[in-house]
Protein chains: 2
Amino acid sequence: MLKVKESIGLLKIDEGSVTSPAGFTADGVHTGLRYAKKDLGVLISEVPASCAAVYTQSHFQAAPLKITQESIEMDHKLQALIVNSAIANACTGEQGLKDAYEMRALCANSFGLKEEHVAVASTGVIGEYLKMDCIRNGVGDISPSKDGSPSFQEAILTTDTVTKKTCYEMMIDGKKVTIGGCAKGSGMIHPNMATMLAFVTTDAAVESSVLQQALSELTDVSFNQITVDGETSTNDMVLVMANGLANNEPLTSQHDDWDIFKQGLKLVCEDLAKSIARDGEGATKLIEVTVEGAATDEEARITAKKVVGSSLVKTAIYGADANWGRIIGAIGHSSAEVNPDKIGIFLGDQCLYHNGQPQNFSEDKAKEVLEKNTVNIHIDLRIGNGEGKAWGCDLTYDYVKINASYRT
Amino acid sequence: MLKVKESIGLLKIDEGSVTSPAGFTADGVHTGLRYAKKDLGVLISEVPASCAAVYTQSHFQAAPLKITQESIEMDHKLQALIVNSAIANACTGEQGLKDAYEMRALCANSFGLKEEHVAVASTGVIGEYLKMDCIRNGVGDISPSKDGSPSFQEAILTTDTVTKKTCYEMMIDGKKVTIGGCAKGSGMIHPNMATMLAFVTTDAAVESSVLQQALSELTDVSFNQITVDGETSTNDMVLVMANGLANNEPLTSQHDDWDIFKQGLKLVCEDLAKSIARDGEGATKLIEVTVEGAATDEEARITAKKVVGSSLVKTAIYGADANWGRIIGAIGHSSAEVNPDKIGIFLGDQCLYHNGQPQNFSEDKAKEVLEKNTVNIHIDLRIGNGEGKAWGCDLTYDYVKINASYRT
């Protein structure tokens with residue numbers, strides 16, 4: 001597990017976004033795929049950028065993901081991304097592939113780019129064909145700018161209630177490097193990606209292969225550690241573009257400032273992952289589960305995700321009920337090594353369970369912790385040195401409401 | 001997978017229960033563990049019975065399960081079961097073990113039985129100590145009889161809304177053999193047992209080892225194929241007692257009528273499993289998912305359980321929405337082999353998805369199917385000959401309501 005260096009010189013830029021790094025612009029417009037909200041977005045770099053991506057591990061990978069992979073495999077550079085919401089273009093067979101290719105061509109033609117430098121993403125309902133007329137007409141209205149990130153952020157949402165973004169600055173080779181990101185999430189959020197799109201931009205110079213390795217590793221401790229409902233979507237994608245306009249020496253793991261960059265990228269991924277978990281369908285709070293003392297980091301992550309994904313834990317936290325028995329229930333069927341007589345469970349600064357025995361604790365203090373916007377649960381397995389975190393949200397009436405009537 | 005023989009001569013006895021087989025009696029009383037409802041039950045056989053059991057696979061096995069295993073290991077016979085609801089006696093350390101031993105002794109003394117012929121079960125809240133005064137006082141009020149099964153069935157419930165029982169008769173060696181069963185379920189119902197207790201009685205003569213093998217095999221296609229919320233409890237137990245009073249030749253897999261008996265036991269397990277799924281916390285309907293064409297029976301069962309366990313499928317069915325994209329979502333992250341271009345998805349007699357393409361179907365007819373008490377989803381993976389089923393329930397506002405305030 002990558003350790004956080006406190007004094008590493010990373011600066012969070014509250015007003016920053018995907019267009020903060022040098023050379024990136026964006027826009028989003030309403031084309032009619034959604035009733036009234038923006039539904040088509042484009043993110044562009046001034047110059048072709050190094051890139052890296054991770055995709056859903058669903059057996060049913062949507063058409064746009066196939067086109068994006070094809071683009072990236074051509075020469076491992078991207079200059080633009082076109083993305084729509086409302087319709088996922090998943091499970092749409094040959095027609096779906098044709099439509100995704102056309103989206104890519106429309107973007108390339110509109111902005112004078114090579115087709116193989118364009119990535120495509122979609123999110124929304126599975127099994128419906130894209131309304132290509134909307135997209136054909138809409139592309140002409142897109143006018144990417146430095147100020148366009150709010151529109152872009154809105155255009156990628158489905159049942160999300162808020163846009164999601166983050167940004168960090170750091171010094172590399174004495175040059176200012178910026179990493180920005182935005183995301184959409186909401187339901188179907190779980191292991192190995194979910195209805196989750198995350199787009200990260202940076203002006204750092206870094207080779208695609210190095211970037212890919214870092215992204216894959218960091219995804220395992222960020223995006224793959226969130227869950228809303230245990231579901232995995234057909235359309236998940238995390239995409240990073242690094243256009244090199246900061247003019248630093250190209251980054252590799254040998255570069256003196258590699259750790260700073262990687263830490264910056266980690267914070268961006270973690271911020272976006274947490275903002276997705278917090279805005280899970282119907283959610284009222286973010287749940288953060290920290291596990292230490294596991295046999296391995298991986299087992300710590302598995303255990304943390306079991307707890308944060310438990311419907312019974314999630315409803316108990318919605319009800320602000322310190323029902324640690326449900327945490328035991330969730331850990332009980334984790335595949336990780338667990339010694340029931342050693343484990344400790346903590347809520348805030350109170351120990352609820354210790355060495356096989358329930359502990360006396362203040363229900364009032366527990367309720368205070370459970371009523372916060374972010375609820376922290378801490379588990380010490382007391383077996384080894386493995387540690388890990390996972391993030392999720394509470395399960396509420398509104399989750400049922402949203403999902404009993406999402407499609408129709 | 002065991003095939004159902006239609007004309008095998010099994011008779012369902014609607015009014016039958018755990019006290020229908022010869023020599024079994026039961027009772028249930030209110031002792032004060034629950035506010036007003038019955039909370040302590042005893043099930044007794046006239047003579048020591050062969051027995052078999054399966055237990056939760058949680059790392060945190062509750063005290064009563066340890067005592068029951070100890071009893072069974074002594075000489076593989078049981079004559080009685082004592083069970084309480086309200087408190088699970090799980091995660092209660094040394095005190096919990098002491099209390100479970102005392103429950104066993106109280107039952108043995110009260111009815112003049114050997115301690116090692118008594119099984120103990122508990123269900124309810126985790127991490128609280130049993131109120132032994134209630135149990136000590138209550139045991140004296142228990143008076144098992146042939147008519148006592150309704151009281152016994154009630155005494156084992158927690159958030160269940162209905163009691164659950166079934167009964168079949170069959171002829172073996174020309175003798176009438178009866179198998180009866182009852183169960184409790186509700187929340188925390190998932191793979192490899194759950195907050196699920198099921199007790200099966202029969203007057204058949206069958207050795208414990210033979211019975212154990214049959215129960216383990218049948219559990220995999222019944223109790224292990226239901227899910228309410230993906231949670232596994234610390235207290236799950238399925239117990240079978242066979243007292244031999246039907247006077248048949250002891251059953252083995254070589255016995256001419258073995259298939260009849262095993263089929264009877266399977267139907268009892270399946271009926272109880274389905275009644276648990278149908279009465280899941282807050283549920284309004286039973287969902288039955290049938291998978292065929294899988295690489296193996298096991299992969300069929302895995303796939304069926306993924307679909308029936310999906311929160312998004314469960315909410316869509318609550319909303320009577322034929323959102324097959326969510327079925328795709330659930331199958332997509334199954335560990336089973338899936339070919340996205342071959343799969344077929346059916347609801348009632350309509351095909352929703354076929355060979356990688358969405359199909360036209362009547363939304364009205366789909367809604368009719370989805371509004372029934374039992375919703376049947378059929379999936380053909382078109383890879384091999386494996387088949388399997390799983391059962392669950394819809395996810396509703398009431399699930400959230402019940403679980404946001406269960407403990408307090």
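What you see below is based on every heavy atom in this structure, not just the backbone, and it leaves out hydrogens, waters and symmetry mates. Each chain gets a letter, A, B and so on, in the order its sequence line appears, and its residues count up from 1.
- Across all non-hydrogen atoms, the minimal contact from A/G127 to B/P358 is O-CG, 3.4 Å.
- Only the side chain of A/I343 comes within less than 4.5 Å of a heavy atom of chain B; its backbone N, CA, C and O stay farther away.
- Atom OG1 of A/T234 and atom CD1 of B/I331 lie 12.5 Å apart (nearest 0.5 Å).
- Residue B/E298 places its CD atom among 12 or fewer non-hydrogen atoms of other residues, nucleotides or ligands, all under 6.0 Å distant.
- To the nearest 0.5 Å, atom SG of residue B/C91 and atom CG of residue A/D341 are 10.0 Å apart.
- Only the backbone of A/A336 comes within contact range of chain B, judged by heavy atoms closer than 4.5 Å.
- Side-chain atoms of B/H59 never come within 3.5 Å of backbone atoms of A/S335 as a donor-acceptor pair (strictly under, hydrogens ignored).
- B/F60 and A/G332 make their closest contact through CD1-CA, 3.6 Å (heavy atoms, listed as atom of the first residue, atom of the second, distance).
- In this structure, the separation between OG on B/S58 and CD1 on A/I328 is 8.0 Å, given to the nearest 0.5 Å.
- Minimum interatomic distance between B/E94 and A/Q357 (heavy atoms only, all atoms of both residues): N-NE2, 3.7 Å.
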